[in-house]
Amino acid sequence: MKHTIRDEAVRLSGKSYLWALSYLKPYKGKLALLVIFSLLSVTGETLTPKVIQYIIDHVIPQKNIRLFWTLLAVLVLIHVIMLAAKNVRNILQLTIGELASKDILKALFLHLRRLGFEHYERQPAGETLAMFNTEVTNVSKIYRQYLPDILENFFFVAVSIGIMAGISGWMSLVIIPSFAAYYLFGPYFERKAAHFGRLSGEGRVAFNQKVFEAVSGFREFRAFGAQVWFHRLVRDAHRHWADVYRAGATYSSARGSFRRLTYYAGAVAMILIGVYLVRHEMMTVGGFAAFMLLYLNAMFRLTLLVTLFVEQRLILHQTEPLYKFMHQEIHIREPEHPVRLEKVEGRITFDNVSFGYRDRPGVIRNFSLDIRPGEKVAFVGFSGSGKTTLMKLIGRFYDPDEGEIRLDGIPIRSLALADLRNAIGYVFQETYLFGSSVKENIRFGKPDATDEEIIEAAKAAYAHEFIMELPDGYDTIVGERGIKLSGGQRQRISIARMIIKQPAVVLLDEATSALDNKSEWEVQRALDNVLEGRTVIAIAHRLSTVKHFDRIVFVKDGQIAEIGSYDELIARRGLLYELERGEESA
Ligand code: ADP
């Protein structure tokens, strides 16, 4: 069992690696240049020992000063070329990393938009944001660091071994046991170091989080006299972080020692063999010196390759959430040939609609309802009966499992999503204001609206007066960091947003239930202005606000339990009557 889970992980890592690499496709040309310049710089580096060999073998015995200067000039030239190549290579590495990371971020946002509502409901925005932040940084490390470094070190090792084999085939064989010794135990230290490295990263985040909570929750802690308790939490978080950090540092230092140990052991073997070969004139002194220089460098790089591979594996493992996110199926698709909506009348038809969430089937069952243009319909019912779900289906945040919903007789699946959403306005219980000016927050409903239109809309929403009293009027910044508005004021801004959009259909989600009496009255007044002449579908807990609606639909277990005007239903003494009585006695 354990085996298959591991296999699965390896398969996924492989897939997410290919996926990550696919973002390099547009930069194939640059990548090829990177390879060429890496090779160039590596060749320069590996040629240096060859020059030294020549100096030892030919210049020194012959005391040839002219040759010496020539070789020195060659050496300088090689290094100039090498440095230039290395710089170009570094710039290429940076550029490719930058471009590919940008592409991946763009792709993520596009996908997020296509996934739409279902994703937002299932995964909190904070989590998505954190994933974008940390995982994108992780993936881009593959482009910025791992891939280019692996290539370069690989070239170095390959070229060095080639030259070494040219000097002495026999001595080159020592690399095998020396590297094997590292490969046998090195990855153990690598994995431990990488593991604790990651834990210490997480530990730091957790510690920061605790500090953040301590600062932002200061008032609550004091009110509850819980400072001591919380202080302990912060201290524990710090201790944990320090512990894993220390473990990580210990393992990575052990890794370094072990790395050196293996190749110095190899070096000792080589010196023994080398001395023998030189004595028997099977190798020159210069050859021996060049060989040793190459060997030490190549071994260092060979073991570095192991480090890079292990670290990259770990990063790949962490990018899996991103990979899975990108491969999440998109449920709501744009029609290929959308039917254009010219003028929207606002007829909404549910035709035998059934729907359930992935983990909760049967929320809406065989729901049929025809809402005339301009009709006002209220959904009433107990919590969890499916009222909000019906609204989400109208906005096509989800598609029904069976049956269809039509707008003006056209299945909403056949409409362009933008057309559908333009035809519908929403007022939610909670209004979201962007961290921008009041003006921009209203313009949100219609991006090309003029300032006059905005003021017009604000007046109709009874928002103009309070907006003018704000410090900067329409330019006052609201939202998280801006000025705080009351619930009623926020809602009137959202109503202005809707007025400017002029939707044929308005969906109200318990718009006024969170407000006090005065605000409710103001919002109600604003709503009356907007709702005139539009199709309105409202969810209401308080029956007082929907008494005058044309029809009231009592939804129970995703079905219509009662339907009719308020007076009809009360007269019938059914569910609505019971609900009304319950409200009165409450
Ligand atoms: P109402 O608006 O009448 O209170 P909802 O339409 O919000 O009811 O919910 C109907 C049922 O569907 C409830 O049982 C609720 O728990 C469930 N539900 C709502 N949203 C989701 C979701 N995103 N995923 C799974 N189940 C959901």
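Numbering of ligands and ligand atoms starts at 1, following listing order. Atom set for the values below is all heavy atoms of this structure, side chains included, hydrogens, waters and symmetry mates excluded.
For the pair Arg525 and Tyr462, the cation-pi test (distance below 6.0 Å, angle within 45°) is passed.
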Determine, stepwise, if the pair Tyr398 / Tyr357 fulfils ring-ring contact (aromatic ring centres under 6.0 Å, His included). CA-CA 9 Å; Tyr398 293 91; Tyr357 296 98; 5.2 Å; yes

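Distances below 4.0 Å separate heavy atoms of Thr388 from the following atoms of ligand 1: 1 (P), 2 (O), 6 (O), 7 (O). Within ligand 1, counting atoms from 1 as listed, the ones closer than 4.0 Å to a heavy atom of Thr389 are 5 (P), 6 (O), 9 (O), 10 (C). Counting the atoms of ligand 1 from 1 in the order shown, those under 4.0 Å from a heavy atom of Phe382 are 3 (O). Listed by number with element, the atoms of ligand 1 under 4.0 angstrom from any heavy atom of Val363 are 10 (C), 11 (C), 12 (O). Near Lys387, meaning under 4.0 Å from any of its heavy atoms, are these atoms of ligand 1: 1 (P), 2 (O), 3 (O), 4 (O), 6 (O), 8 (O). Atoms of ligand 1 lying under 4.0 Å from any heavy atom of Tyr398, numbered from 1 in the order shown and given with element: 23 (N). Close approach of ligand 1 to Lys392 is summarised as follows: ligand atoms under 4.0 Å from at least one heavy atom of the residue are 20 (N). Near Asp359, with a cut-off below 4.0 Å to any heavy atom, the atoms of ligand 1 are 24 (N), 25 (C).
For the atom pair Gln489 CD and Leu470 CG, the distance stands at 7.0 Å (nearest 0.5 Å).
The protein heavy-atom contact nearest to atom 26 (N) of ligand 1 is Tyr357 CD1, 3.3 Å. For atom 14 (O) of ligand 1, the nearest non-hydrogen atom of the protein is Arg360 NE, 2.9 Å. Here the protein heavy atom with the shortest distance to atom 23 (N) of ligand 1 is Glu121 OE1, 2.8 Å. Of all protein heavy atoms, the one lying nearest to atom 8 (O) of ligand 1 is Gly386 N, 3.2 Å. Of the protein's non-hydrogen atoms, the one nearest atom 1 (P) of ligand 1 is Gly384 N, 3.5 Å.
Using a cutoff of 4.0 Å between basic side-chain nitrogens and carboxylate oxygens, Glu375 and Arg551 are scored as salt-bridged. Under a 4.0 Å N-O distance rule, the pair Glu404/Arg406 qualifies as a salt bridge. Salt bridge status for Asp451 with Arg443: present, with a side-chain N to carboxylate O gap under 4.0 Å.
Using a 4.0 Å cutoff on heavy atoms, Gly381 does not count as a contact of ligand 1.
Using a 4.5 Å heavy-atom threshold, the side chains of Phe382 and Leu579 count as touching. Residues Glu98 and Arg144 are in side-chain contact: their nearest non-hydrogen atoms beyond the backbone lie under 4.5 Å apart.
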